[in-house]
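In what follows, a single structure is set out as C-alpha cells and then discussed.
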Amino acid sequence: MTLAFLLSPYTDAPHVRRLIEALPEGSHFFVHVDRKCDMQPFREALAGLPRVHLLEQRVEVTWGSLRQVEYQMALIRAALAEGTPFDYLVTMSGQDYPVWSNRRITDYFTRLDGRIPLQGICMEGQGESARLYRQYWPLNNYAWARGSMASRLRVALRKTLKALHLSKPLTFTSNGQQYRLYKGSDWHALTPQLAAYVLKKWEEEPAFRRYFRNSFTPSETFIHTVAFQSPFADRCQLATGAYESLARLTPLTYIDYHSDIKILTTDDLPLIHQSGKMFCRKTVSGTSDSLMDELDRLRNEE
C-alpha cells in the first residue's frame, strides 16, 4: 500500500514536519504552500525528510474561490507526474494530525479494494441549504482586504445580482453532458484513476471553469460534481436525504466547524475518538501539543 498525501499548508511549518513524520513510512508527501506565504520556513522545516515534494509553482490562494481548486489540481498533477504507482491520494490540510496508528491507516486503505472515501450530496432539492450555491460570487478570485473599497464593491455587486433575482443554476452542461452540483469536503482520498479523470475535466473542458469561477467554495464542489457523475461514482460514498453539515460529508477527518474552525486540545479527545475518524483538524503548535502527544501515545499502543 503506497499512499500520497497532498498537503496544503500556509502556516506553522514545524507542525507540517511533525505531521509528515507521524504518517506511514514509505508514503510520499506533496506540499503546496500558499504563494502569499514565505517558503523558506517550510524549506527549513522539511529539509532532510524523504519523499517530500515541495511544489515550486504555487497558487496565491483566496478562500472560497477557484484558486483553491487550482492548488488542488496542482497537487494532483504533481502526484500523478511523480511516477510512483500510488494506491490513493489523500488530501489533508497543513493543520491535521493522525488519530489512528499507521498500521491501521494502511490496513484501512488496503481493505477498500478500490472503493473511494469521497463523500458527497446532490444540492438540487436542498432548499435553504443550497442558498449560497444559488448566488453568484463575482470577482472572488481577488484577495482584496475585507473592508477595502474593492471588497465593498464586490459585495455590493453580489447583493445587486441577488436583488435582481439572478439565481445561479445548480446544473450546467459540458461537452453535451449535463452536470448537477454535488457538495462535500476538501478532505478525502481519491484513487489515481479518479484523480486523473478529474484533472482531465479541469484541463480540457472550459465549461467547468466557467461555472465554478463565480461559485461559492468550489473546492468543496468541483471534485465532487465530477466524481459523482463519472464512471467512478458507484465507488464513492453518496449521501442522500437532507444536507446536515460539512462534518457529515468528511469521511476521514474529524472537524469541529461552527462559527469558526476550532483549534483542538486534549479537551476534544473524547469526541475525536467517538467520531471514529482517521485524522483530526485543526491542530496547532503551542496549543495542540498535549493533544498530539496523547494521540501519539495512544497510536503507539494500537
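In what follows, residues are counted from 1 in the order of the sequence shown. Fair warning: this is a prediction, and the values are worked out from it, not measured in the lab.
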Please identify each residue that fulfils ring-ring contact (aromatic ring centres under 6.0 Å, His included) with Tyr182, with sequence neighbours left out. Phe228

Residues Glu60, Lys36: salt bridge by 4.0 Å N-O rule: no

Considering only heavy atoms from C-beta outward, does the side chain of Val90 approach that of Phe109 to under 4.5 Å? yes

Name all residues meeting the side chain to side chain donor-acceptor pair (under 3.5 Å) criterion together with Glu203; count only those two or more places apart in sequence or in a different chain, and write none if there are none. Arg77

Distance-only side-chain donor-acceptor flag, Glu205 / Ser174, under 3.5 Å: yes

Expected list for residues 23-33: side-chain donor-acceptor pairs under 3.5 angstrom, two or more places apart:
from: Ser27; atom 1: OG; to: Pro24; atom 2: O; distance (Å): 2.9
from: His28; atom 1: ND1; to: His53; atom 2: NE2; distance (Å): 2.9
from: His32; atom 1: NE2; to: Val59; atom 2: N; distance (Å): 2.8

So, applying salt bridge (Lys or Arg N to Asp or Glu O under 4.0 Å) with Lys262, which one of Asp267, Asp256, Asp268 is it? Asp268

Compare every heavy atom of Gly64 with every heavy atom of Pro218, then report the nearest pair and how far apart it is. CD-O, 3.4 Å

What residue among Val198, Thr91, Leu199 forms side chain to side chain contact (heavy atoms under 4.5 Å, CB included) with Ile223? Val198

Above 12 or not: heavy atoms from other molecules or residues under 6.0 Å from CG of Asp234? yes

Would you mind listing the cluster partners of Tyr10? Hydrophobic ones only (ILVMFWY), side-chain contacts under 4.5 Å, chaining allowed. none

For the residue pair Tyr211 and Phe172, does the interplanar ring angle fall in the parallel (under 30°), tilted (30 to 60°) or perpendicular (over 60°) class? parallel

When hydrophobic residues are tied together by side-chain contacts of less than 4.5 Å, even through go-betweens, does Leu75 share a cluster with Leu46? no

Given salt bridge (Lys or Arg N to Asp or Glu O under 4.0 Å), test Asp34 with Arg58 step by step and report yes or no. CA-CA 6 Å; Asp34 190 335; Arg58 298 185 290 151; over 6 Å; no

Determine whether a donor-acceptor pair (N or O, by modelled atom type, separation under 3.5 Å) exists between the side chain of Thr253 and the backbone of Thr250. no

Set of side chain to side chain donor-acceptor pair (under 3.5 Å) partners for Asn214, sequence neighbours left out: Lys168

Is there a side-chain contact between Leu295 and Leu269, using heavy atoms and a 4.5 Å cut-off? yes

Please check if any side-chain donor atom of Gln135 sits under 3.5 Å from a side-chain acceptor atom of Tyr133, or the reverse. no

For Arg43, is there an ion pair with Glu56 - N to carboxylate O distance below 4.0 angstrom? yes

Can you find a pair of side-chain heavy atoms, one from Ser288 and one from Thr266, that are under 4.5 Å apart? no

Heavy-atom side-chain contact between Leu194 and Cys236 under 4.5 Å: yes

Using a distance-only test with no angle check, is there a side-chain donor-acceptor pair under 3.5 angstrom linking Gln40 and Glu44? yes

Can you tell me which residue pairs pass the side chain to side chain donor-acceptor pair (under 3.5 Å) test with a partner in residues 92-102, sequence neighbours excluded? Arg18-Tyr97, Ser93-Asp96, Ser93-Arg281, Tyr97-Asp296, Ser101-Glu302, Asn102-Arg299

